[in-house]
Every structure is written in C-alpha cells, then in structure tokens.
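Keep in mind it's a predicted model, so treat the numbers as computed, not measured. Order of the sequence lines fixes the chain letters, A, B, ..., with proteins taken first and strands second; residue numbering starts at 1 for each chain.
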Protein chains: 2
Amino acid sequence: MTEVQSVKKKKGTLTKEKIIKTARNLFYKKGYDATTTAIIAKEAGVSEATLYKYFKSKMTLLLSTVEPECIPFMENKNYQLLTNQELLSVWTNELIDKVFYNRPQYSIIFNESTKHPELSEQYIANIYSMSNADLELVNRMDKGDLPKIDLILFQVGIIGSFLAMITHMQIYDPTIKLEKVPPNIRNTLICLIEGKFFV
Amino acid sequence: MTEVQSVKKKKGTLTKEKIIKTARNLFYKKGYDATTTAIIAKEAGVSEATLYKYFKSKMTLLLSTVEPECIPFMENKNYQLLTNQELLSVWTNELIDKVFYNRPQYSIIFNESTKHPELSEQYIANIYSMSNADLELVNRMDKGDLPKIDLILFQVGIIGSFLAMITHMQIYDPTIKLEKVPPNIRNTLICLIEGKFFV
DNA sequence: GTCTATAAATGGATAGAC
DNA sequence: GTCTATCCATTTATAGAC
C-alpha cells in the first residue's frame, strides 16, 4: 500500500514530506529555536533553497510539523456498553497510545506554544478535539453517572504527566529506543490516574 | 529584613542576583535558546560586557538560574502521626506548593534538560532530593502499609501534570497573574491523584 | 525542482577605556 | 565594576543558474 502511494506521489510531494518528517524529529529532540534550517535541509538531503521553496518561513514549517495528520487514532468501540470502570480504563489507555504514537507532535505543541503564540491555535485544536470515548464520558458526567470534572484540564494533566515520564527516561538513557509505551510508565500512570496509591 | 540584607550585600552581588533573576524569568517565558544575552542584559539594566564578567558563558548563567536556592521548602511536621490518607494528602499538597513557588526553575529544568545535557545533573539533584514526607512514604511502602510504586516516576508525573496545567492556563490567557495555585488546577490535580474520578 | 552562492541581520563573546 | 565599540561565527532567507 505504501508502494502504491509512493508511486502515485509526485517527487515534490515526497520531498516536502521528507522535510516535514526531518524537521519534526529535530524540533522534538532539540527544540524549535535550537534547530537551524541548515541542519534540517542537510538531514533531509536537500539544500536550504529547496526548503524555502516549500515553506515560506521556518515558522510555516513548524506549523506543518504539528498538523494533526497522525492525531486521529481512535477505535470505534461501543462505548455505551461499557461500565464506568471499563470506560475510564479504555479512555485512559487510548489517550496514552494516542499521545505515545504522536509524541513528537504533542511534545512540540506543549513545549513551544507558550514561546510561539502562532502555535496556540494548533494546541487548542488538538486538545479540544473530542474522541468517541471523550463524548461518552461527558455524556455520563451530564447524566450524573460520573463526578463532574474539568475533562480538558484533566486530560492536559495526563498528557503532561505522560510526556514528563517519557522525558525522564530519556534523560537517564538518551540512547533508549522507545518502540512501545514502556510498561513501568504505563503502570505508574494508570496507578496515578486510578488512585491506586490512595488505598 | 530585606533592608538589612541589601545593606550588607556588595554591589556586585546585587548585580549578579539581578542578572540571574532576570535571566530565569526570560528562560522560563521564552526558553533558553530564544533568549539572547542582549535582552537579558538590557532587562537587568547592565551591559552585555558586565554580564560576561559574572558568567563566563550563557550556559553558566543557565545553570545558575536553576540552582536549588529556593527549592527546599518543606515543613517539619510529625509525619509519623498521620494516617496513610492524611500523609498522602499532605505530601501531594506540599509537592504542589513547592513546584508552584519554584515553577520557573522546575519548568526550565524539565524543558531544557533533554536539549542541554549540561542540565541533567541539576535535574537529577532536584528530582531525587527527598523531603521528610517522601521518606515517610518510602518507609510505609517498605513496611507494606502502602502499595509499592516507583515514587520518583510517580512524582515526575505529578510535576509534569501540574506544569502542563499551568501552561494550559497561560496559553488561554497570557496576561494572567498567578499569585497562588489556581483552585481549579489544585482541585483537578488532587482529583486526578486521588482517583476521585474512578468511583 | 534543485542547486550554488550570497545577502542581511543577529548571535555570543571580548578588548580596552573610564 | 561597568561601559562602548567591535569581532567573528552563525542564522534566516533569497537571487539566479542549471
């Protein structure tokens, strides 16, 4: 399938995607301000002039790297059939997975939005996009089946918590390769959210 | 008391402190890489040459801004007398307050450590410094009175969560003045940690 | 569509006067 | 202890050839 796609795609499109992908990883690892257009171009295998053919500024490129292309990741389960406990558990795990597989985007948005207000719109678009599980949660809160809380702030807290834990591991072992959510992080986070520590 | 102190202090010391304070706020608000030594000097009311008399490089200044001068903030309660519930509640609130009143330092360390490994040492020194409440928690975990968890990772999660919530508010209202922990953040975070949502 | 070459501005850092 | 003036490397961004 990727074969078919890449045959269809024009050279220019591929170059553009390569630049975005390269820039995203660099912004994620070193931050926007510390990443030069020179190094992006070099690692993407193009010249700086080419980069500026596709993006009229470095900021435009930044915005492209956080576009929600990979953000939607939701299953279409029958959330209505779940118990409160089950729903919350599913919701938490879906959130963790979504953030994990898009952690460069989330990390960039969370880290750079205060510094570069141009990103705020993308931040809001991401944070306020509702999954089906979200909607069902809100539904039950409205009906009184679940305690009413600020779900957005709650979610922000979980994402911040998760990203901090990932960062923590990376500070300890900068060479670590994260192919899936590290089990100890998932456990500690679930433990945190479910209040398991509060016996 | 500040009067007495300022009389005692030499001019140079005051200048140095002014530079650190100014730099800390700028690093916090705009990030290390986006903050120039020119703007630090200007806002501190000195020339760049003066700044470089006190700090041999911009990185040295960064390290000074996160030094734990304000970090210790702990009470000396009789933690042994508290019930598990009370201890956890006290521990959580102390952590929140500590992070809040030193949020520039925490924020800088959390945001810049991956990008600038020179900071890792400070990161570790901060994260691994144990308060009395920490020690009592570990104690009870060892005795089996509380479930055993990775307390460090747990703490990292809470700090990340808290900083993300603060950032979230600031993205919404960049003019906001935070004089104390916003009640909705404290509530949501407590609600998160105590698993109140998991009925 | 991509490159080489370069403009224009800004960055961190220092020498030397007062 | 502090400043003015300046150095040199690096940065974003572009013009014009292929």
Measure the distance from [atom1] on [X] to [atom2] on [N] and round it to the nearest whole Å.
X      : N       : atom1 : atom2 : result
F55(B) : dG1(D)  : CZ    : C1'   : 14 Å
K16(B) : dG1(D)  : NZ    : P     : 11 Å
K56(A) : dA15(D) : NZ    : P     : 15 Å
I19(B) : dA13(C) : CD1   : P     : 14 Å
K30(B) : dT10(C) : NZ    : C1'   : 13 Å
L14(A) : dT2(C)  : CG    : C1'   : 15 Å

- Identify, residue by residue, the members of residues 37-54 of chain A with a heavy atom below 4.0 Å from DNA chain D, and return them in order of residue number, or none.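 DNA chain D contact set from residues 37-54 of chain A: T37(A), E48(A), A49(A), Y52(A).
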- Query: So which one's nearest nucleotide on DNA chain D is more toward 5', T13(B) or A34(A)?
  - Reply: T13(B)
- Query: Is it true that D97(B) and K180(B) have a side-chain N and a carboxylate O under 4.0 angstrom from each other?
  - Reply: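 Here D97(B) does not pair with K180(B) in a salt bridge, since their nearest N and O are not under 4.0 Å apart.
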- Looking at R140(A) and E136(A), does any basic side-chain N land under 4.0 Å from a carboxylate oxygen?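 Salt bridge: yes.
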- Task: Tell me, please, whether Y106(A) has R103(A) positioned over its six-membered ring: NZ or CZ under 6.0 Å from the ring centre and within 45 degrees of its axis?
- Result: no
- Query: Distance under 6.0 Å and angle within 45° of the ring axis: does K16(B) meet both against F55(B)?
  - Reply: yes
Indicate every side-chain donor-acceptor pair of residues 163-171 of chain A with a distance under 3.5 Å to a residue at least two apart or in another chain.
| unit_1 | atom_1 | unit_2 | atom_2 | d |
| --- | --- | --- | --- | --- |
| T167(A) | OG1 | L163(A) | O | 2.8 |
| H168(A) | ND1 | Y123(B) | OH | 2.6 |

- Message: With a 4.0 Å limit, can you tell me whether T36(B) has a side-chain N or O closer than that to the phosphate oxygens OP1/OP2 of dT10(C)?
- Response: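 Looking at the OP1 and OP2 atoms of dT10(C), neither is under 4.0 Å from any side-chain N or O of T36(B).
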- Has the side chain of T50(B) got a donor or acceptor atom that lies under 3.5 Å from a matching backbone atom of V46(B)?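 Pair absent, no side-chain N/O of T50(B) close to backbone of V46(B).
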- T35(A) near the nucleic acid: base, sugar-phosphate alone, or nothing, with a heavy-atom cut-off under 4.0 Å? sugar-phosphate
